[in-house]
Amino acid sequence: MAAQDIVIRPIITEKSMSGMAEKKYAFEVRKDANKIEIAKAVEELFNVKVAKVNTLNVRGRLRRQGRTEGYTPSWKKAYVTLKEDSKPIEFFEGMM
C-alpha cells in the first residue's frame, strides 16, 4: 500500500494548529491502517522522523436534511509527534 493511500488529508483546525509548537500534527488516515503503517507513510511523504503516533476512531454524526436523516461516515484520525531533531512539516508552516 502506497503512503498516499494511508494518509488521506491533513486536519487543519485551531486545536491541531496549536500542537505545531510541540511538533504534533493531525491527519485523516485509512480506517484499517495501524500506527506503524501511519508512521512510515508520514516519514515517506514529508521526509521527517516520527517519534510516536496516537490514533482514534471518529464516529459518524447524525445529520438531517429536512425529514430524512442519516449518519456522516466514520473515519480514523492520527496525531503524529515528530522527534526533537526532525525538521517541521513545511505544508503546515504556511497555515500559521
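Because the structure is a prediction, the values reported are computed rather than measured.
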Passing option when V58 is tested against K77, K76, E28 for side chain to side chain contact (heavy atoms under 4.5 Å, CB included)
K77
Check whether I8 and I6 end up in the same hydrophobic cluster, where Ile, Leu, Val, Met, Phe, Trp and Tyr are linked by side-chain heavy atoms less than 4.5 Å apart.
no
side-chain contact (heavy atoms from CB on, under 4.5 Å) between M17 and I12, intermediate numbers included
CA-CA 7 Å; M17 290 292 117; I12 295 143; 3.8 Å; yes
Quick check on E22: does its CD atom have over 12 non-hydrogen neighbours (other residues, nucleotides or ligands) under 6.0 Å away?
yes
Got a sec, which residues hit side chain to side chain donor-acceptor pair (under 3.5 Å) with R64, two or more places apart in sequence or on another chain?
none
My understanding is that only residues two or more places apart in sequence, or in another chain, count here; which of them pass side-chain contact (heavy atoms from CB on, under 4.5 Å) with R61?
R63, T72
Side-chain touch L62/E69, heavy atoms, less than 4.5 angstrom:
yes
Tell me if a side-chain donor or acceptor on S16 pairs with a main-chain N or O of I11 at a distance below 3.5 Å.
yes
What are the two closest non-hydrogen atoms of V80 and F27, and how far apart are they?
CG2-CD1, 3.9 Å
Once rounded to the nearest 0.5 Å, what's the spacing between atom OG1 of T55 and atom OH of Y79?
11.0 Å
Would you be so kind as to tabulate the donor-acceptor pairs closer than 3.5 Å made by side chains of residues 30-54, with sequence neighbours excluded?
from	atom 1	to	atom 2	distance (Å)
R30	NE	D32	OD1	2.9
R30	NH2	D32	OD1	3.4
R30	NH2	D32	OD2	3.1
K31	NZ	S74	OG	2.8
N34	OD1	I36	N	3.2
N34	OD1	E37	N	2.8
E37	OE1	N34	N	3.1
E43	OE2	V50	N	3.1
K49	NZ	D85	OD2	3.4

When you group the ILVMFWY residues by side-chain heavy-atom contacts below 4.5 Å and let the links chain together, are W75 and Y71 in the same group?
no
